[in-house]
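Here's the structure, in structure tokens; my notes come after.
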Amino acid sequence: VLVDLNGSVINDSMAIGEYLEDAYPERPLIGEELLQRAEVRRLVGWFDSKFANEVSVTLLMEKNIKRYLPTQANSGPNSAVIRSAQSLVHSHLEYISWLVDRRNWLAGDDFSLADITAAAHLSVIDYMGDIPWDKHPIAKDWYARIKSRPTFRNLLMDRVPALTPSSHYADLDF
């Protein structure tokens with residue numbers, strides 16, 4: 001949820017991105033050119049759907065929600081599902097590496113909503129220690145640049161009660 005300085009309250013990540021793009025045009029997050037805007041939106045959709053379904057939401061649900069909020073319909077974490085998501089993270093990190101090896105940021109030369117969206121999803125699983133950064137140095141370098149941004153550093157100080165973050169979570173030079 002975004003609460004803007006003018007009191008506006010916006011929810012949904014894409015709605016927030018579009019709002020910020022319109023409210024603060026001097027700092028474009030979606031891009032200025034038509035194809036760049038399409039690429040940013042494509043990547044935002046990719047992370048919010050494919051990456052979320054295969055990795056971030058799956059790991060969050062299996063490792064935390066099911067463990068700490070059991071229900072009659074929920075028999076607890078499924079280790080096969082956890083292993084599958086942990087395996088799938090490699091292909092996603094390879095894709096991030098491929099993108100940033102050819103561009104400065106995920107969607108092009110400029111930092112964008114695609115970077116913010118990807119970093120938000122990665123932050124969740126990095127908190128849990130489920131990202132094999134040592135096997136993906138290009139993706140790690142990109143994420144270190146994100147973590148070093150002043151607006152992202154505050155996020156790294158957030159904590160979830162009863163869940164300890166990975167030892168490197170808040171470290172900018174992990």
Side-chain angles (χ1 to χ4, degrees), residues 2 12-21 24 26-60 63-64 82-160 163-174:
L2 168 74
D12 181 76
S13 61
M14 194 61 193
I16 291 169
E18 297 278 353
Y19 172 85
L20 291 172
E21 185 78 1
Y24 303 96
E26 66 279 2
R27 292 186 153 181
L29 291 174
I30 299 176
E32 296 175 3
E33 302 297 324
L34 184 62
L35 289 176
Q36 181 185 17
R37 294 171 72 80
E39 179 66 352
V40 168
R41 288 182 175 116
R42 181 188 73 79
L43 288 169
V44 167
W46 188 80
F47 281 101
D48 279 347
S49 60
K50 186 171 179 60
F51 187 85
N53 291 332
E54 292 181 359
V55 181
S56 60
V57 171
T58 300
L59 286 173
L60 181 63
K63 292 185 78 176
N64 295 296
I82 292 171
R83 281 192 304 276
S84 175
Q86 289 171 330
S87 176
L88 287 168
V89 76
H90 289 282
S91 61
H92 292 282
L93 291 170
E94 287 170 11
Y95 185 50
I96 289 169
S97 297
W98 185 87
L99 289 169
V100 297
D101 192 41
R102 287 155 179 77
R103 309 165 174 184
N104 192 33
W105 296 98
L106 291 180
D109 290 335
D110 299 315
F111 178 76
S112 73
L113 189 59
D115 298 288
I116 295 168
T117 303
H121 284 280
L122 288 170
S123 177
V124 170
I125 57 176
D126 191 38
Y127 190 95
M128 296 182 283
D130 284 318
I131 301 182
W133 292 118
D134 59 322
K135 293 183 171 78
H136 303 279
I138 295 172
K140 179 183 176 182
D141 289 345
W142 165 83
Y143 189 60
R145 286 191 289 146
I146 298 282
K147 287 174 77 169
S148 297
R149 295 180 70 87
T151 53
F152 201 80
R153 282 190 226 144
N154 291 336
L155 175 73
L156 299 173
M157 297 300 114
D158 287 347
R159 295 294 178 264
V160 178
L163 297 178
T164 303
S166 62
S167 60
H168 66 270
Y169 179 71
D171 184 2
L172 302 181
D173 296 318
F174 65 111

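- Checked against ring pair (Phe, Tyr, Trp, His ring centres under 6.0 Å), F51 has the following partners two or more places apart in sequence or in another chain: F47, H92, H121.
- The neighbour count for D173 CG, taken as heavy atoms of other residues, nucleotides or ligands under 6.0 Å away, does not exceed 12.
- In plain terms, the two heavy atoms of Q36 and E32 that are nearest each other are OE1-N, 3.5 Å.
- Counting heavy atoms from C-beta on, the side chains of T117 and D48 come closer than 4.5 Å.
- Considering every non-hydrogen atom in both S56 and A52, the closest pair reads OG-CA, 3.2 Å.
- Interatomic distance, K50 NZ to Y95 OH, rounded to the nearest 0.5 Å: 10.5 Å.
- Among V124, I131, L93, V89, the single residue meeting the side-chain contact (heavy atoms from CB on, under 4.5 Å) criterion with V55 is V89.
- No cation-pi contact links R103 to W142, judged by a cut-off of 6.0 Å to the six-membered ring centre and 45° from its axis.
- Screening residues 108-124 for salt bridge (Lys or Arg N to Asp or Glu O under 4.0 Å) gives no qualifying pairs among residues at least two apart or on separate chains.
- For the atom pair R145 CZ and N104 CG, the distance stands at 5.0 Å (nearest 0.5 Å).
- The two atoms that bring A170 and R159 nearest to each other are CB-NH2, 3.9 Å, heavy atoms only.
- Atoms CD1 and CG, on I16 and L2 in that order, are 5.5 Å from each other to the nearest 0.5 Å.
- Under the 30°/60° scheme for interplanar angles, the aromatic rings of H168 and F174 are found to lie parallel.
- The two residues A139 and S97 make their nearest non-hydrogen contact at N-OG, 3.2 Å.
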Output, in order, the C-alpha distance, side-chain angles, deciding distance and verdict of side chain to side chain contact (heavy atoms under 4.5 Å, CB included) for V100 and D141.
-> CA-CA 9 Å; V100 297; D141 289 345; over 6 Å; no
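- Residues satisfying the side chain to side chain contact (heavy atoms under 4.5 Å, CB included) criterion with R37, sequence neighbours excluded, are E21, I30, R41.
- Summarising the geometry, atom CG belonging to L106 is positioned 9.5 Å from atom CZ belonging to F111; distances are rounded to the nearest 0.5 Å.
- Taking both residues in full, the closest heavy atoms of G17 and L113 are given as CA-CD2, 3.7 Å, listed atom of the first, atom of the second, then distance.
- The side chain to side chain contact (heavy atoms under 4.5 Å, CB included) test applied to P137 returns no partner, not counting sequence neighbours.
- Inter-residue side-chain proximity for I116 and R149 is flagged as unmet; no heavy-atom pair is nearer than 4.5 Å.
- Side-chain contact between R27 and L20 is absent, with no heavy-atom pair separated by less than 4.5 Å.
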Would you sort out whether L155 and Y127 count as a side chain to side chain contact (heavy atoms under 4.5 Å, CB included), showing the intermediate values?
-> CA-CA 11 Å; L155 175 73; Y127 190 95; over 6 Å; no
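- For K63, the side chain to side chain contact (heavy atoms under 4.5 Å, CB included) criterion is met by L59, I82, Q86, M128, D130, not counting sequence neighbours.
- Side-chain contact between I96 and L122 is present, with at least one heavy-atom pair separated by less than 4.5 Å.
- A donor-acceptor pair under 3.5 Å is formed between the side chain of K147 and the backbone N or O of D171.
- Scanning both residues, G129 and S166, for their nearest heavy atoms gives CA-CB, 3.7 Å.
- Not counting sequence neighbours, F152 has no partner by the ring pair (Phe, Tyr, Trp, His ring centres under 6.0 Å) test.
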